[in-house]
6 protein chains.
Amino acid sequence: MDIKNLLQEDIGLFDLTTIGLEIGEKKGLMSFSTKDECVISGIKYVKQILEYLSIEHSVFVKDGEKVEAKTLLIQCKANADVLHKAWKISQNLLEYLSGISTYTNTFITKAKNINPHIEIATTRKNFPNTKELMTYAVVCGGGTIHRLGLYDSILVFGNHLEFLKDPNELKTKFQALKNKFLEKRVAVEVDDLTQANFFASLGADILQCEKMSFDELRECVKLKEKFPYMKISATGGINIENIEQYAKTGVDFIVTSSPYHAKPADIKVKMEAL
Amino acid sequence: MDIKNLLQEDIGLFDLTTIGLEIGEKKGLMSFSTKDECVISGIKYVKQILEYLSIEHSVFVKDGEKVEAKTLLIQCKANADVLHKAWKISQNLLEYLSGISTYTNTFITKAKNINPHIEIATTRKNFPNTKELMTYAVVCGGGTIHRLGLYDSILVFGNHLEFLKDPNELKTKFQALKNKFLEKRVAVEVDDLTQANFFASLGADILQCEKMSFDELRECVKLKEKFPYMKISATGGINIENIEQYAKTGVDFIVTSSPYHAKPADIKVKMEAL
Amino acid sequence: MDIKNLLQEDIGLFDLTTIGLEIGEKKGLMSFSTKDECVISGIKYVKQILEYLSIEHSVFVKDGEKVEAKTLLIQCKANADVLHKAWKISQNLLEYLSGISTYTNTFITKAKNINPHIEIATTRKNFPNTKELMTYAVVCGGGTIHRLGLYDSILVFGNHLEFLKDPNELKTKFQALKNKFLEKRVAVEVDDLTQANFFASLGADILQCEKMSFDELRECVKLKEKFPYMKISATGGINIENIEQYAKTGVDFIVTSSPYHAKPADIKVKMEAL
Amino acid sequence: MDIKNLLQEDIGLFDLTTIGLEIGEKKGLMSFSTKDECVISGIKYVKQILEYLSIEHSVFVKDGEKVEAKTLLIQCKANADVLHKAWKISQNLLEYLSGISTYTNTFITKAKNINPHIEIATTRKNFPNTKELMTYAVVCGGGTIHRLGLYDSILVFGNHLEFLKDPNELKTKFQALKNKFLEKRVAVEVDDLTQANFFASLGADILQCEKMSFDELRECVKLKEKFPYMKISATGGINIENIEQYAKTGVDFIVTSSPYHAKPADIKVKMEAL
Amino acid sequence: MDIKNLLQEDIGLFDLTTIGLEIGEKKGLMSFSTKDECVISGIKYVKQILEYLSIEHSVFVKDGEKVEAKTLLIQCKANADVLHKAWKISQNLLEYLSGISTYTNTFITKAKNINPHIEIATTRKNFPNTKELMTYAVVCGGGTIHRLGLYDSILVFGNHLEFLKDPNELKTKFQALKNKFLEKRVAVEVDDLTQANFFASLGADILQCEKMSFDELRECVKLKEKFPYMKISATGGINIENIEQYAKTGVDFIVTSSPYHAKPADIKVKMEAL
Amino acid sequence: MDIKNLLQEDIGLFDLTTIGLEIGEKKGLMSFSTKDECVISGIKYVKQILEYLSIEHSVFVKDGEKVEAKTLLIQCKANADVLHKAWKISQNLLEYLSGISTYTNTFITKAKNINPHIEIATTRKNFPNTKELMTYAVVCGGGTIHRLGLYDSILVFGNHLEFLKDPNELKTKFQALKNKFLEKRVAVEVDDLTQANFFASLGADILQCEKMSFDELRECVKLKEKFPYMKISATGGINIENIEQYAKTGVDFIVTSSPYHAKPADIKVKMEAL
């Protein structure tokens, strides 16, 4: 994360209000605290901002910690002009990231109550230019990473299969894929049981079941009896409202984008003159 | 917007799946279309991505256009490896930005049905690192910019007033602020009528009324009889559910972050071999 | 300001002279002092350079301070190789920026002696790639910012009016402009009294009077009786030679680029071995 | 030169005036022409800007060309919103750079009228962050580069000699310097004839005579009889007012910063609707 | 790859030789050809450079192609000043990258002659700042990627085990690792058979056998009978001299850095005036 | 050197192994030591990495120092997650750079044993994107810089002469080159004695003798009797195997790329839990 860019986006060349009011050199205390219970994320980046601006600070919580309403998170001292530079971007970071981590945490808690071995992994459908921040918040909330991008994992989509309509070519190329990247698991997104069976037989390491019914998912899970090394995930429209039903199907993990759209947490920022 | 960074975040050094399946040099057609009615935003950036990757393309809509469900937006031709690089980031851009512009459009339409002169302006509480994208989508939806950051506008908050507790100093400094930046309007966030009256008398150009009741807002609007040049805005918890009631109070504009949290639009991306 | 780039521009990969003379590890003291009276600017950036290079330093003045000839500004200790890296870029910063702030200060002092409420604001005609540095120096000298660029303010030029030759369209669009950006003042550059009257009637918040005679300026100032909220500025060829006459016309502020072309201040840099 | 940064500095995220007046999609013609005779510089960068913004354009002059008053330099066609983005930064580039190249050209013409072999070289005392632009303009005007920075040349200053007060050490180290960088000429800045003689004897390839009288300079030039390979330059306060006297002394070249402070040329930019 | 940086590193602000010889505007033809047989890599980047400099060009080979000595690779036309900017960095790219791809190709050919299913994967021990270029060349030569970095794969080293000396803790944590990243294979670097057995039992997906004897390797390969899904790789000092012996052990793949140190290929660059 | 980029290339967004094993917060000690005797280079950059990651560290050697096998170079303490981030890029830097500096050192030692005044200078044929690192290592080993790029030196190649086939034009332009850049030495690459004589007569300051026989080189060296200021270098296929014979020819310096291809040094990195 380029801390300088994050700041620059918000502060630009001059803080007109603080300069115009001539309060820049007054000493102040700025405190961040929660309004509601939440799982905190973003402390890591706020610390980098405070350090970049040479602001003296104390931090009372860690990313990933579940805190109560009205918990004091950070307190810092500096001249008013510097505090006003740090204020809003720090608040935005804490609000958006804690929103995601809180949502993720509820999500995984609900899921693990049903199936303690299940994992929640988020997609590469993050808001553009926020992959680092959004995935960090997911991990703070107890989730894991499905794939960061094209470069760290293998996932065969229908949009790949369009180029391999000849079944023999598909078999050959699928085998080539497996041989080429021996250190990777090969995942395939499948829409129904026929596809699931087909790719399990071809040697898929992971079946990513897209928008299947609960019954279909259970059938896919049964394939593991025959292919014990294989993992099954469910994806498509899964969120904290319906996760429990998915967890009951016995899938190994859930692939979802829903934490990225979580409502931001409410973080109060209060300044006082010293 | 740095198009190269947007892309890099998603594609990294190698597209393992496409390389492994050896389909990279096959020719393909990729089509983007809407699933539901929406106000489109993001075409501007997707075009830059397609140009950056030298992908031949046709674009059938403009940002800001309201389109029906199943409208074809963009069609493009290239080798499969290049199409797979462009796919997901383009889809993400269209989904997130069109989500924001559609929400903003509904928001302003509801508001203008009550008061044709009202404007909807969004805050600087965007997701970190997305100011350009999120504000662009707001403008595509018919909204306007409240302030980009500290550098383009003046807005006095309670966190400034903490450093000016002596009323005489406050008056003097407020006048200094007005004199220093003669080309700017001076806005003040006020919580109640007393504050509103006080800053109106001091010469505030804009009163930003934070979380006031509808009655209080109406009283603030009445202040314009005495201070005809002054503008009144309402802020704090305003969204498409409650906008109509706020519009009825007669405020000049609404300041809100709610479009930033809009649900992404649903954009279908289909590839075909050629 | 990217301090690393500033430095890199001057030092590159190797300091051939210092390496070749094998003096790099000798300890030295480097002192910056004024040759003539001036208003200092640039300390902010020189401190960042010294910190970036981990040079121990003491600073004896603040940006914006008026100092006498032969005033010691900064003293620093480090190995000779590091001092030679910091030397010239630090000197350049202090010389160019203090040149601008000293000029600006003379400018505004002359103007305020005539009219204590007048302000001096500088244009966006800075040397390309120096906006931050040049505007910072102007502010250190007591000036203010006219506009940073297209994004922070509204200014209608003749080059806009070329696209609105139909008077009815002009009126409609001017009103649209005012409605769209309710939080901004709308400025118009006018060349004569007819234009001034016309745009005052349309609701311009600021008339920027371009190259008008002193009599014309006085007539424009009189328009404020009818439009009390409106501000009048003068621009075009105004500098420290002629400012007093402009100040006498009663305009609210001056818009000028002349400080950007000020002669650099003379800063002496002396090294001594320790 | 990062064209994107140059532009960004001026245009930011939104052109409020053009958006507010709703003229962005009207077609326009923009023309750049000289007001006075000058030597043009900056076309190279303006072309990059026009290409970056995909503006159709015709260019009628080359950098380094001397043109008359009212010469049409560039004409371009595009939508009004794009023309307004390109306008001011292009004008600034042409005005500042042509100011420098015109000054440099006058400088060298005066010098060569006296001594056809003399060269004018500019220092590394450019405005911070403008080295590429300022040195490019100098070269367009017929000047040459003295040194770009610490990395491309060797120049021994008094601030180096402070670390070599022992004459034996100085001799040894000076020889080491010469041996280490066999492919470079070794220049030394000298203040008087004694120093000049001393370093000529040590094997200096260039004596850079700082603020010497014309008589002293002539004496230094005479040293070339004994050291035929050596070059003599003069520096310190030399500009187009006094260059002719310096040229008469017979020095090989002049080292100066004065072109960097040249008055910008006056370039007119006119838009018309199409 | 930032093409601009690649170029800038070599060309800087002025090409002194070409400017001084005044040949910059002469038209020329530049040809790249091989001196010896090799597997080509780097065409991709050279094309980007030629496009960046707007040089007209024809390319006669593809990356990954094996070509004979004296094969014409690329021919391009432009002014001499532009050709001289493109020359050396293009040559360096072709020489270094083709050196690596040729070496890799020999490596894998020798290995596959013994065992057609074996793969050659290179480590993250590339020269700093060249990961993209070096791994690209490996892939052109027929190799594959072992891991790009910490973020795309899991590999447990002795330096991790130092923190898990308690065997119970190790087992628990190893299981946690497997559960957390269900979509990744878990590799472990092992030094001897005891370790190999231990981690195979814990569920390692890949054993990376570090500097084992050929007999030990064969024993490790036998573990696959019990753990059929597991892969075995050999690493440590493997290169084209000894690869055949390693291939005979039956390991699934080789992990090596040796292609990164390959001798550059010899590419001739010839200019002619047109 | 952009330390952040160096790191990022290797670590990306998440260290999967360390996160998965849940060892990140354990305290550890990491030690770097040599396996064999070598001349160290890279400490400068490793320190920057350790500082960037806020790792407490002690450094026991300096770049350029010759150290014995099993010498402890650096020791550092931090949490395991931070140590794992720093490990491999630090090791790579030390291994590659010390490989180059050790090779360079052997090279120059052999050469100076024959001729104490000879210098070894390396070309601009570094691996793309590593100029700073590779040239730094050469200087640590006792070598010098031939030329960094086109911008810091003048070197006429055959590829320049192709544009100056008319001998009169060549003479005129060669003189122009010398006059334009009075502060630079003019080098010419020559292939045989005829060319050597020709360019010596034209006033070349340096003859760079490309792939000449030892006898030809000796003849070139004799030209210095007639042109005492001129320097002679040899280039083309010179390395530590054949340097002694070249040194015997009496040339002033050697121009070579061979140190860039040196075998990396072997640096052991050991972690221990604390």
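Both backbone and side-chain heavy atoms feed into the values below; hydrogens, waters and symmetry mates do not. Numbers restart at 1 for each chain; the letters A, B, ... are given by sequence-line order, proteins then strands.
- For E:F127, the parts lying near chain F are the backbone and the side chain together; criterion is any non-hydrogen pair under 4.5 Å.
- For a residue to count as touching a neighbouring chain, one of its non-hydrogen atoms must lie under 4.5 Å from one of that chain's; by this rule E:F157 touches chain F with the side chain only.
- By number of non-hydrogen pairs under 4.5 angstrom with chain E, the leading residue of F:M134, F:K173, F:K178, F:K270 is F:K173.
- Using modelled atom types, one side-chain atom of F:T106 and one backbone atom of F:T102 make a donor-acceptor pair closer than 3.5 Å.
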Solution key, residues 80-87 of chain F side-chain donor-acceptor pairs under 3.5 Å, sequence neighbours excluded:
{"unit_1": "F:H84", "atom_1": "ND1", "unit_2": "E:H160", "atom_2": "NE2", "d": "3.4"}
{"unit_1": "F:H84", "atom_1": "NE2", "unit_2": "E:N159", "atom_2": "O", "d": "3.3"}
{"unit_1": "F:W87", "atom_1": "NE1", "unit_2": "F:Q91", "atom_2": "OE1", "d": "3.1"}

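- The parts of F:F163 that come within reach of chain E are both its backbone and its side chain, each placing non-hydrogen atoms under 4.5 angstrom from that chain.
- Heavy atoms closer than 4.5 Å to chain F are found in the side chain of E:K184, but not in its backbone.
- Between chain F and the residues E:R124, E:K26, E:E22, the most heavy-atom pairs under 4.5 angstrom are made by E:R124.
- Contacts of F:L21 with chain E are made by both backbone and side-chain atoms, with heavy-atom separations under 4.5 Å.
- When each of F:D15, F:I154, F:V186, F:N129 is scored by its heavy-atom pairs under 4.5 Å with chain E, the top score falls to F:N129.
- Between the side chain of F:E169 and the backbone N or O of F:L164 there is no donor-acceptor pair closer than 3.5 Å.
- Residues E:D266 and E:K35 are paired through a salt bridge, judged by an N-O separation under 4.0 Å between the basic side chain and the carboxylate.
- Chain E forms the most heavy-atom pairs under 4.5 Å with one residue out of F:T130, F:L97, F:V269, and that residue is F:T130.
- Side-chain atoms of E:K263 do not come within 3.5 Å of backbone N or O of E:G99 as any donor-acceptor pair.
- With a 4.5 angstrom heavy-atom cutoff, F:N126 touches chain E via backbone and side-chain atoms both.
- With respect to chain F, the highest number of heavy-atom pairs below 4.5 Å among E:L93, E:L13, E:N179 belongs to E:L93.
- E:D63 places a side-chain N or O within donor-acceptor distance of the main-chain N or O of E:G42, the cut-off being under 3.5 Å.
- Panel note: side chain F:S98, backbone F:S41; a donor-acceptor pair is recorded below 3.5 Å.
- For F:S257, no part lies under 4.5 angstrom from a heavy atom of chain E.
- Residue E:Q175 does not touch chain F at all, counting heavy-atom pairs closer than 4.5 Å.
- The part of E:I100 that comes within reach of chain F is its side chain, from C-beta onward, which places non-hydrogen atoms under 4.5 angstrom from that chain.
- Taken from NZ in E:K268 to CG in E:D36, the straight-line distance is 12.0 Å, to the nearest 0.5 Å.
- For the pair F:D152 (side chain) and F:L148 (backbone), a donor-acceptor distance under 3.5 Å is present.
- With chain E as the partner, the residue from F:K88, F:M1, F:E95 showing the most heavy-atom pairs under 4.5 Å is F:K88.
- Not a single donor-acceptor pair under 3.5 Å links the side chain of E:K77 to the backbone N or O of E:H57.
- Contact of E:D2 with chain F is not made at all, since no heavy-atom distance falls under 4.5 Å.
- Residues that satisfy the side-chain contact (heavy atoms from CB on, under 4.5 Å) test with F:Q195, not counting sequence neighbours, are F:L161, F:V190, F:D191, F:D192, F:F199.
- In this structure, chain E has no heavy atom under 4.5 Å from any part of F:M30.
- Your options are F:K180, F:K125, F:Q8, and the one with the most heavy-atom pairs under 4.5 Å with chain E is F:K125.
- In this structure, the ring of F:H261 has its center less than 6.0 angstrom from the ring center of E:Y96.
- Most heavy-atom pairs under 4.5 Å with chain E: of the set F:L170, F:T172, F:I23, this distinction falls to F:I23.
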